[in-house]
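Notes follow once the structure below has been shown.
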Amino acid sequence: GNSVTQMEGPVTLSEEAFLTINCTYTATGYPSLFWYVQYPGEGLQLLLKATKADDKGSNKGFEATYRKETTSFHLEKGSVQVSDSAVYFCALRVGNRDDKIIFGKGTRLHILP
Amino acid sequence: DAGVIQSPRHEVTEMGQEVTLRCKPISGHDYLFWYRQTMMQGLELLVYFNNKAVMDDSGMPKDRFSAKMPNASFSTLKIQPSEPRDSAVYFCASSYSIDNSPLHFGNGTRLTVT
C-alpha cells in the first residue's frame, strides 16, 4: 500500500541554521508529493509540491526535490527563522481510484532566537 | 475566496450528547475530506466524498459517527453519543479532482467531551 515516513520530532534549531526534514514514501503508481505546514491553532496549509520525478517544489525559502530513485522528498531551508516554528507534514497522492491523500505523522520544528 | 469554513471553532459537550460539526468547502471543489487530529494518533482520515458520494469511510467508527453531504456546498459530521475519547481537533478539507491537486484545510473544530 501507499505510505509516507518522515523523521520524528521535535527538531530544535537556532535561527539561521540549515534545516532538513527527511521524508520517504512507498507508492503504487506515480504519486504527486506535497509538504504541508501547520501553525498553532490553524489547519494545514500547502507549502510546496512536486508532481513528477526530478521536479523541485519551492516556496518561502523551502525546497524539496522529488527523487524517484531513493523514493524521497526531503524538505530543506538554508536559513530558518523563528516564524518557521510549526509542524510539517509530508504527503502523497496517487490518484486513480485510491485518490485519498496519505500524510506522514508530522515533524514539529522549534526555532530558537 | 473565503477558503474552507468550519463551525463551530470550539465545542465542549458532556459524554452521551450529540455533536454536529459543519463544513463549507471551497466552491467548485468536488472532493471533501474529514480528518481527526490528536497528539497520540496524529492526523487520521475519517471519511471522504467525491461529488457528494462517500468514497471511503473505513476510518470512521460507524457505530457512533455519521457523515453526510446533502449538497455540494455543505457537509456534516455527527457523533452520537459522544465519548471522552472523541476529544480531538476535527478538520475538513476540500480539493479539485485527483492527482496533483492539493487539499485546502479549514481551521478545524476543537471538540472536548467531558
Side-chain angles (χ1 to χ4, degrees), chain A residues 1-10 23 25 27-53 55-59 64 66 73 86-108, chain B residues 1-10 21 23-26 29-51 53-60 67 88-110:
Chain A
N2 302 324
S3 66
V4 173
T5 303
Q6 59 181 108
M7 61 191 290
E8 298 268 339
C23 171
Y25 67 90
T28 54
Y30 302 95
S32 294
L33 302 173
F34 307 86
W35 277 101
Y36 285 80
V37 58
Q38 184 179 29
Y39 299 103
E42 298 182 12
L44 282 69
Q45 305 172 26
L46 178 68
L47 180 59
L48 54 84
K49 71 178 186 181
T51 58
K52 61 183 188 299
D55 269 2
K56 179 186 282 187
S58 61
N59 186 25
Y66 190 139
F73 192 55
V87 181
Y88 292 81
F89 293 86
C90 185
L92 68 81
R93 195 170 194 183
V94 176
N96 303 319
R97 287 196 57 79
D98 182 16
D99 48 16
K100 57 192 174 188
I101 192 165
I102 307 297
F103 285 92
K105 292 188 181 300
T107 302
R108 185 173 297 276
Chain B
D1 185 349
V4 175
I5 299 173
Q6 291 186 247
S7 64
R9 283 302 309 272
H10 301 274
L21 311 181
C23 175
K24 177 179 167 55
I26 292 173
H29 282 185
D30 47 5
Y31 278 78
L32 186 141
F33 301 78
W34 282 101
Y35 285 89
R36 175 170 64 184
Q37 187 177 39
T38 61
M39 289 293 292
M40 293 299 293
Q41 299 297 327
L43 202 61
E44 301 174 275
L45 177 65
L46 298 174
V47 59
Y48 78 99
F49 296 84
N50 177 22
N51 288 323
V54 173
M55 299 302 291
D56 186 345
D57 62 359
S58 60
M60 195 169 72
V89 181
Y90 290 80
F91 287 104
C92 176
S94 69
S95 78
Y96 290 114
S97 296
I98 56 173
D99 294 348
N100 60 11
S101 297
L103 270 62
H104 297 259
F105 282 78
N107 281 330
T109 295
R110 181 174 294 277

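These numbers come from a predicted model, not from an experiment. Here is how names work: the chains are called A, B, and so on, in the same order as the sequence lines, proteins then strands, and each is numbered from 1.
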Got B/Leu43 and A/Leu44 here, is their nearest side-chain heavy-atom distance under 4.5 Å? yes
In this structure, are over 12 heavy atoms from other groups packed under 6.0 Å from B/Glu44 atom CD? yes
Using side chain to side chain contact (heavy atoms under 4.5 Å, CB included), reason through B/Phe91 and A/Gln38 one step at a time and then give a plain yes or no. CA-CA 12 Å; B/Phe91 287 104; A/Gln38 184 179 29; 3.3 Å; yes
Using only atom types and a distance under 3.5 Å, with no angle test, would you say the side chain of A/Arg93 pairs donor to acceptor with the backbone of B/Pro102? no
Look at the side chain of B/Tyr48 and the backbone N and O of A/Ile101, then say whether any donor-acceptor pair between them is shorter than 3.5 Å. no
Return the set of residues passing side chain to side chain contact (heavy atoms under 4.5 Å, CB included) with B/Arg9 (not counting sequence neighbours), or none when no residue passes. B/Asn107
Go through the atoms of B/Leu103 and report whether side chain, backbone, both or neither lie under 4.5 Å from a heavy atom of chain A. both
Say you draw a straight line from OG of B/Ser101 to CG of A/Leu46; how long is it, rounded to the nearest 0.5 Å? 10.5 Å
Find the distance between CZ (B/Phe105) and CD (A/Glu42) and round it off to the nearest 0.5 Å. 13.0 Å
Identify which part of A/Gln45 has an atom lying under 4.5 Å from any heavy atom of chain B, answering side chain, backbone, both or neither. neither
Heavy-atom proximity to chain A below 4.5 Å, by part of B/Gln6: neither
